[in-house]
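Each remark here refers to the structure printed beneath this line.
For the single chain, residues carry numbers from 1 onward in sequence order. Owing to the predicted nature of the structure, the values given are computational and were not obtained by experimental measurement.
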Amino acid sequence: MQIVGTCHTFRNPEEMVQPSDVAPPVPCNRPHRSETFRVLSFAGPLAAHRERPDPEQMSVYAQDQCYDAAAIRQYLGAGPRDTVAFSVWPRVPTRAEWARGVRTLRCDLVPPIQEVKNGPLVAFSVRDVLARPESSAVRDCEHRGAVVTCNHPHDREEVATWLDLDDTVRFDDARAAAAKACKPIVEEFLQAKLRSEPTLMVKAKTPSQDEWANGVRTVKCGVGPAHPDATVVGTLSGSAKGRV
């Protein structure tokens, strides 16, 4: 039986790339690589196949059914401006199970991978994790432009909003305009006014000059230490109820 909230790992590397999972679940307080957040059923013409359909058909259907941004954010306990770095990993019945009539579709969440040889691997449940300080281990941040999880030293954390600057803004003014536009969004993320957080500043990513010339006006909002050499360990999200 597939149950929401169960955690899973691999007994060998081959299991990582298989569409089905026959290994028993593990306690979520032990190292694991995925957690079930939805359990659905195959339906429609695909479910009527007597033999399990080919992997490509299964993958397209499973990804479409499992990927539900609202359900993912709700399960993770994401705040309105929290970014979600998890990927979705569907697990389908084995050929033998399918032949017996099993049509269960298990939808797992996989935390962000920074070191493929070592991860993903966490030792806690990710249900409502983004509302806890330990979420820094499963959030994406940046250090000098390289992506790291937020439990490592970093100088920027992305905020879940992309904005388009007005066409009247000149390229030379883009950074200032982006900082102004992102400020209220960053403050919503922090659940604090920036004037009360003098060591922090808006860190918006703006288009390059070539992108700007091609009409790109999209800005990615972020926040980080005001001092150019400073770093932070832990998430700055106010939803996480404190910093690590």
Side-chain angles (χ1 to χ4, degrees), residues 1-28 30-78 82-123 125-127 129-130 135 137-140 146-149 158 160 162 211 216 218 220:
M1 179 182 293
Q2 308 290 358
I3 301 174
V4 169
T6 54
C7 296
H8 310 273
T9 191
F10 316 124
R11 293 169 299 184
N12 56 67
E14 289 75 22
E15 290 183 355
M16 183 175 179
V17 296
Q18 296 300 317
S20 306
D21 182 9
V22 296
V26 299
C28 291
R30 287 175 49 191
H32 59 274
R33 303 180 190 275
S34 70
E35 182 170 336
T36 302
F37 79 103
R38 300 183 93 185
V39 177
L40 306 172
S41 295
F42 282 87
L46 201 66
H49 286 230
R50 295 182 63 182
E51 294 185 356
R52 195 180 76 177
D54 65 66
E56 185 175 345
Q57 283 182 293
M58 296 286 279
S59 176
V60 171
Y61 179 93
Q63 284 287 350
D64 182 62
Q65 295 298 309
C66 281
Y67 188 83
D68 182 323
I72 293 168
R73 293 183 68 84
Q74 181 178 17
Y75 189 86
L76 294 172
D82 286 336
T83 57
V84 171
F86 285 72
S87 55
V88 175
W89 192 2
R91 303 298 259 174
V92 304
T94 64
R95 294 186 185 279
E97 289 172 334
W98 189 275
R100 295 199 305 270
V102 177
R103 297 295 185 269
T104 303
L105 171 59
R106 193 182 93 201
C107 306
D108 286 5
L109 288 171
V110 181
I113 303 173
Q114 303 306 337
E115 298 180 45
V116 175
K117 65 179 180 180
N118 296 327
L121 204 63
V122 295
S125 172
V126 299
R127 193 195 294 263
V129 70
L130 295 184
S135 66
V138 293
R139 292 176 185 262
D140 275 350
V147 177
V148 297
T149 46
E158 193 153 308
W162 291 19
E211 290 171 332
V216 177
T218 303
K220 298 180 183 179

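By the side-chain hydrogen bond (donor to acceptor under 3.5 Å, both in side chains) test, T83 pairs with no residue at all, sequence neighbours left out. For V60, there are no side-chain contact (heavy atoms from CB on, under 4.5 Å) partners, not counting sequence neighbours. In this structure, the side-chain contact (heavy atoms from CB on, under 4.5 Å) partners of R38, at least two apart in sequence or on a different chain, are L40, D68, A71, C107. Residues meeting the side-chain contact (heavy atoms from CB on, under 4.5 Å) test with D54, sequence neighbours left out: E56, Q57. Not counting sequence neighbours, the partners of T218 by the side-chain hydrogen bond (donor to acceptor under 3.5 Å, both in side chains) test are D164. By the salt bridge (Lys or Arg N to Asp or Glu O under 4.0 Å) test, E35 pairs with no residue at all, sequence neighbours left out. In this structure, the side-chain hydrogen bond (donor to acceptor under 3.5 Å, both in side chains) partners of E211, at least two apart in sequence or on a different chain, are S208. With sequence neighbours excluded, no residue satisfies side-chain contact (heavy atoms from CB on, under 4.5 Å) with P55. Looking at residues two or more places apart in sequence or on another chain, you find a ring-ring contact (aromatic ring centres under 6.0 Å, His included) between Y61 and F42.
Side chains of T6 and H8: a donor-acceptor N/O pair is present below 3.5 angstrom, by distance only.
Distance CG/L109 to CD1/I72: 5.5 Å, rounded to 0.5 Å.
Looking only at side-chain heavy atoms (C-beta outward), R139 and L130 come within less than 4.5 Å of each other.
Residue pairs meeting the salt bridge (Lys or Arg N to Asp or Glu O under 4.0 Å) criterion with at least one partner in residues 99-112, sequence neighbours excluded, are D21-R106, R106-D108.
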